[in-house]
Amino acid sequence: MMQAKRAGHILSLENIRKVFGGVVAVDGLTVSVEKGSVTSVIGPNGAGKTTVFNLITGFLPPSAGRITYSGRVLNRLKPHHIASLGIARTFQGVRLFPQMSVLENVMVGRHLRSKTGIFSSSCLPPVLRQEENRIRQEAIDWLDFVGLKEYAEAVAGNLPFGNQRMLEIARALAIEPHLILLDEPAAGLNSRETIVMGELIEKIRQEQITVILVEHDMELVMDISDRVLVINFGRLIGDGTPETVQDDPDVIAAYLGE
Amino acid sequence: MQGRDTAGLIALILAVVAIPLVIRNDYYLGVLIFTAFNCLTCIGLCLLMGYAGQISLGHGAFVAIGAYASGILTTTLGWSPWAAMGAGIIIVSVVAAIVGVPTLRLKGHYLAMATLGFASIIHILAVATVDLTGGPSGLLNIPRISIFGHQLNSDMQYFYFSWAVVAIGLYVAFNLINSRVGRGLRALHGSEEAAASLGVNITAHKIQVFILSAVYAAISGSMYAYYVNYIDPGPFGVMHSVLLVTMVAVGGMHNIWGAFTGAVLLSLLPEFLSSATDYLQLMGIAYQPDYDILVYGAILLLIMLFLPEGVFDGLGKAVRAGRRMIRR
Amino acid sequence: MSHSGLTDIIQFMVMGVQRGAIYAMVAMGFNIIYNATGIINFAQGEFVVLGGLAMVTLTMALNLSLPVAFILTVVAVTVVGILMERLTINPVGQPTVLRLIIITIAVSILLKGAAMCIWGKGSHYMHHFTDAAPIEFLGAIILPQTLWIIGILLCVVIGLVVFFNYTMIGKCIRACAINRDAARLAGINDRKMVMLSFALSAGIGAIAGIIITPIIQMDYARGALLGLKGFGAAVLGGLGNSMGAVVAGLLLGILEAFGAGYISSHYMDAMALLILLVVLFIKPSGIFGSSEAMRLKEF
C-alpha cells in the first residue's frame, strides 16, 4: 500500500490528517491515484470521504500531511487556485446556480478558460465579443457531451434532479480538468439514470480525465472502477481492484458492522 | 446586454428626449437632474449590493470625494473640469481599494461598518480641513463643464448631459452583468463554493465591483459639483449614504432597473410630499419636511418586510398576475 | 491654565474612561444581539439616544426622582427593543444577512426620525446625578458623574456575568449562541432567546444613554456615531466577546481622549473611527481573538 511516487501518479496524499475540534475525521491517509484511472472511494457514512474531497480541493486545510498534484503541493492553495490547476469537482446533493440558465451555468465553468476583465467587458455588449461567442459555443459542446443540449435555455433550478446532476458534471468538465472528483454522482438517481451516469463516467475516462468518485451504489462502483479504496473512521482499510475489495474480510466487517 | 434591457434603455432615452418638451420649468428640470445623479450612484451601488452581495454605507463619501476633487482641482489649481473629473475617478478608485481590499477578504458584513466609519471620517475631514475644502462654508465658483468647447449653461442642456451619462452607466452595467465577470458574480449568489470550485476568484471579483461602484459615485459627485457650482459638507453626511442604500433596496437590489426605479421614486418623493403638504393640512396633519426621514424609514422597513425583492420586482409580479387573471 | 504633564495625563485618563465606558456598553449591546442572531444591529446607537432623551424628559420636564426615572426609562427602551424584534426581525422567515442588516438600518432611521419629531433638533441638558463638587485629584478634575458612570458600568458588567453564568435564561441564551440547533433540541425556545437578546441589548443601551447625557447633552442625531464607535470597540475586543468589549471600549475612549488632548480635538471623532478601520484592516478578529476562528465564523 505504501507505494513510492511513480511517474504515472496524478495525485498523492501523504499522511493526511484532519481534526475538527476533537474529532479526527481523516487519520493519516496515504494514497496515490494513477493518471487516467477511475478510482472509487467507498465506506460507511461519516467515514470521512467528503472531507477528503474538501481537503484536496482546498475547501478545508489539512491539519497535517501533504497533498501533491502533478508535482505541486496543494496544501495552502485556495479553491479557485486549485481549480485553475485542473481539478474539478461536484458536490454532494448538487450545487447549481439555480437562477441562471443551464447554458450560463456551464459558461461559468469556462471562467478559467477565458480572460475578459471587468473593464473590457463593460465597454462592448457580450454579443459583439468574440470570446463570449466562443465561450457560448464551448459550453454548448459540453452540454452536448452530457446530453443536455436541448435544455440550454431552461432555468437550471427547474431541471429534474437527474438532469441537474448531469449539468453539474458538464459544468465541472467545462473547466477542462485533468482530474475530476465526483461526490456521490448516482445518489438519488433511478436505475436507468444510474446506468446513464456509468456510461458518462466511462466517456469522461476516454477523454483522458482521471476520475475519483465517492459512491454508495456498489453495482456502479464495481462496474466502472479500476480501483476501489475503502475508508472507515478516516483510515484506509481496503485498497485494490473491485474483486479483491469485495472479498476483503476487513471491508465486509466494516460494512456489516461489528 | 439582453433584449429586454436594450428595449428598456431605448425607452429611457426616448423619455429623456421627450421630457424637456413637456416640462419647461427649470425647477422641475433641476429636480430631475438631481434624480439623474442619484440614479447613477444607485446603478453602481446595485452592482455591489445585488451582485456582489455586499452593502456599502459609504457611497455618499465617494460622491463627496468626486465632488470635492472636481471642486478643488478646478478652483484652486485651475484644471479643466474633465481632467478634474478624471482625477476624482482615480482618487476614488484608490481609496475604494484601500477600504475594500481588507474588508472584502473577511466574511460577513464588515464592509458595511467599515464604509460607515469611512463615510463619517470623510464628512469630518470635509468640515475640518478648511484650507482645502473651505470647511463648513464650502467651495464657491466651481466652473461649468463644456462638451466639445460648448459650455453647458442652461438646465435643459445639463439635463440632457446628466441623463446621457446615466444611459451610459446603464449600458456599462448591463454589459458587465452579462459578461464573464458578471456571470462569475451572479454565480456567487447561487453558491460561493460551486463558483470557487470552477475557478472564480470570489474576493477579486468583489473588490473589482466595489471599486467600479465607487467610480459611479465619483462621477455622480463630480457632475453634481459642476451643476450647482458650489459644494459644502452638508449634503455628504452619513445620512446620504444611508439614503442611497435605501433607494437601491426599495427599488430592488437584484436588478439594475430596480435600483434605477428606487432612485427615481425616492428622489422625487420629497417633491410629492411637499406638494401634498397642503392636502395633509386640510386633513388636519401639519406635515413638515422634517418628517421626510420618517417616511423614508417607514418605506424602507415595509419594503424589506413585505417586498424584499423591491418595488420593481413587485410591480413585475403584479403585472404578470394581472395578465393571468385576464387570460382566465 | 498651566497644567503639569501628570495632571494632563490623569485628566485625559478620566475623560477617556468616561467616554470609554459608554463605548463599552454599546459594544456589549452589539455583542449580545450578534451572539444570539449573527446580526449587527445598526439601531444600537439609537437605543442610547432614546435612553438619554427619555431620561431628560422624565427628570427635567416631569420632575420624577432619579431612581424612578431611571427604571422607567430602561423599561421603556427595553420595550422598544422587544417591539423591534417582534415587529421587524421575528416576522422575517428565512432572511438573508443583507436583508436583516437593511431592516435594522430602517429601524434606526425610524427611531432617529421619531426622536427628532418628539424631542426636536436641539441638544438637551440634564442635571448630573449628584451635584456634589468636582473632586480634585493631583490637579485633575473629576466630576462625580464620572464616578457614577464607572460605578454603573461595573454594575452592568457584574450583572451580565451573573446573568449569563448563573441564571437559567442566561445560560439558555448562551446555549443558543453556541449551537442553535442543539439548544432547540434541548427544548430551548430559540425565538424567545432572540427577543430576550434584543431586550437586554436595548436596556443596556438605555443605561448608557442615561448616564452619559448629563455630560454630553443628548440630541437626536448622536446615535450613528455612538453606534459606530461602540461597534469599533466590539470589533477591537473581538466581535461576540463581551469582556473584550469592555476592555476595548475603555481603551478606545482613552486613546480618543489622549488624541484629542495632544493632537487636535477637531479630529477626535475621526480618530476613533480611524482606529476602527485600522483594526478591521489589520486584525479583524480583535485584540483578543484568533484570526483563524474569525475567518471561519460566518454571519
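Side chains are part of it too, since the values below use all heavy atoms of this structure and drop only hydrogens, waters and symmetry mates. In what follows, chains carry the letters A, B, and so on, assigned in the order in which the sequence lines appear, proteins first and then strands, with residues in each chain numbered from 1.
Using a 4.5 Å cut-off between heavy atoms, F281(C) touches chain B through backbone and side chain atoms alike. Heavy-atom distances place the side chain of M253(B), and not its backbone, under 4.5 Å from chain C. Heavy atoms of K229(C) lying under 4.5 Å from chain B are absent altogether. Contacts of L57(B) with chain C are made by side-chain atoms alone, with heavy-atom separations under 4.5 Å and no backbone atom involved. In this structure, chain B has heavy atoms under 4.5 Å from both the backbone and the side chain of L274(C). For L301(B), the parts lying near chain C are the backbone and the side chain together; criterion is any non-hydrogen pair under 4.5 Å. Of the two parts of T115(B), neither the backbone nor the side chain holds a non-hydrogen atom closer than 4.5 Å to a non-hydrogen atom of chain C.
Note that the CG atom of L305(B) and the CD1 atom of I102(C) stand 11.5 Å from one another [nearest 0.5 Å]. Considering CE of M304(B) and CG of L98(C), their distance stands at 8.0 Å, rounded to 0.5 Å. In this structure, CD1 in I55(B) is found 13.5 Å from CZ in R99(C), a value given to the nearest 0.5 Å. In this structure, CZ on F118(B) lies 13.0 Å from CG on L276(C), to the nearest 0.5 angstrom.
The closest side-chain heavy-atom distance from L294(B) to M116(C) is not below 4.5 Å. When side chains are defined from C-beta on, F306(B) does not count as touching V92(C), because their heavy atoms never get closer than 4.5 Å. Residues L277(C) and I121(B) have side chains in contact (heavy-atom distance under 4.5 Å, counting atoms from C-beta outward). Within the 4.5 Å cutoff, the side chain of L280(C) has no heavy atoms near those of the P102(B) side chain.
Per-residue counts of heavy-atom pairs under 4.5 Å with chain C were compared for L116(B), I122(B), V295(B); the largest is that of L116(B). Chain C forms more heavy-atom pairs under 4.5 Å with one residue of A112(B), A249(B), S120(B), G53(B) than with any other, namely S120(B). Across A272(C), G113(C), A221(C), G232(C), the residue that shares the most heavy-atom pairs under 4.5 angstrom with chain B is G113(C).
Across all their heavy atoms, G297(B) and A106(C) have their closest contact at O-CB, 4.0 Å.
Residue Y279(B) qualifies as open at atom OH: its count of foreign heavy atoms under 6.0 Å is 12 or below.
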